[in-house]
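This report concerns only the one structure given below.
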Amino acid sequence: MARPGPPVNNRPAPPSDLGETEGDAARHPAVDAAVRAMANAATLAPADQIAQYEAAYETLRETLATIDQT
């Protein structure tokens, strides 16, 4: 038996604007892409979301590891 997911109305909304503005010099393109991929995955069937979330997690993990090394 499959486990039920969280109710749809409890999910956070995707960020309204992921575009860079003048004050966003500290933003990281890989992190922005991972956030967009997670927001886009919300439109997929639950079984198809897993690969998207795993890829985003890996990108975020690698990016954080790189930041820790500097």
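We count residues from 1, following the sequence as given. When reading the values below, keep in mind they use all heavy atoms of this one structure, side chains included, and skip hydrogens, waters and symmetry mates.
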Can you confirm whether more than 12 heavy atoms, excluding those of Y53, are under 6.0 Å from its OH atom?
yes
Closest non-hydrogen atom pair between A56 and A34, with its separation
CB-O, 3.9 Å
Closest non-hydrogen atom pair between A30 and T59, with its separation:
O-CG2, 3.6 Å
Side-chain contact test, heavy atoms from C-beta onward, threshold under 4.5 Å: evaluate it for H28 versus T63 and give yes or no.
yes
For L44, is there any backbone N or O sitting under 3.5 Å from a side-chain donor or acceptor partner on Q49?
yes
